[in-house]
Amino acid sequence: MPRVFLPPNLRPLADGRESVEVEGRTVREVIANLDATCPGVRERLMAGDQLKPGLAVSVGGSVASLGIRAPVPADAEVHFLPAIGGG
C-alpha cells in the first residue's frame with residue numbers, strides 16, 4: 001500500500017502523523033482515499049481537478065510529470081512538495 005508523507009501543514013488533519021498508508025493506483029485515487037481518512041486534505045491539495053498551483057507530487061522519488069494522473073505502485077512513497085521555480 002502506498003505511504004503518503006504529509007507536509008507539516010497537513011499533519012493536523014492526520015492527528016499529527018507524518019505519514020499515512022492509503023490505497024490508490026493513481027495520485028488522484030491516493031488523494032481521494034487520503035481525504036476519506038483525513039478529511040480536509042483534498043481541499044488543501046487540489047484546485048478543482050488539479051493540484052493547486054505551487055504544488056508538485058513525487059512518486060517513488062521522482063516528480064510526477066503526469067500530476068494526479070501519475071501511476072502509484074503499491075510500495076511507493078508519495079510526497080506533496082512546493083513546486084520549485086527558477087528565473
Side-chain donor or acceptor of D75 paired with backbone N/O of M1 under 3.5 Å
no
Between D35 and G40 the two heavy atoms that sit nearest each other are OD1-N, 3.0 Å
How long is the straight-line distance from CE of M46 back to CZ of R28, given to the nearest 0.5 Å?
6.5 Å
Hydrophobic clusters here meaning ILVMFWY residues chained together by side-chain heavy-atom distances under 4.5 Å, can you tell me if V30 and L55 are in one?
yes
For L13, does its backbone N or O pair with a side-chain atom of R44 as donor and acceptor, under 3.5 Å?
no
State, yes or no, whether a side-chain contact exists between L66 and P71 at a heavy-atom distance under 4.5 Å.
yes
Donor-acceptor check, side chain of N33 to backbone of V22, threshold 3.5 angstrom: yes or no?
no
Side-chain contact, heavy-atom cut-off 4.5 Å: R17 with T37?
yes
Nearest-0.5 Å distance, CG of residue L45 to CG of residue L10:
5.5 Å
Would you mind reporting whether T26 and I68 have side-chain heavy atoms less than 4.5 Å apart?
no
Quick check: are there more than 12 heavy atoms from other residues, nucleotides or ligands sitting under 6.0 Å from CD of E21?
yes
When hydrophobic residues are tied together by side-chain contacts of less than 4.5 Å, even through go-betweens, does V57 share a cluster with F5?
no
Which distance, rounded to the nearest 0.5 Å, do you find between the CD1 of I31 and the CZ of F80?
4.0 Å
How about C38 and D15: do any of their side-chain heavy atoms sit closer than 4.5 Å?
no
Hey, what do you get for CG (L6) to CG (L34), rounding to the nearest 0.5 Å?
6.0 Å
Calculate, to the nearest 0.5 Å, the distance between atoms CZ and CD belonging to R69 and Q50 respectively.
9.0 Å
Please find the pair of heavy atoms, one from G24 and one from P2, that lie closest to each other, and give the distance.
O-CG, 3.7 Å
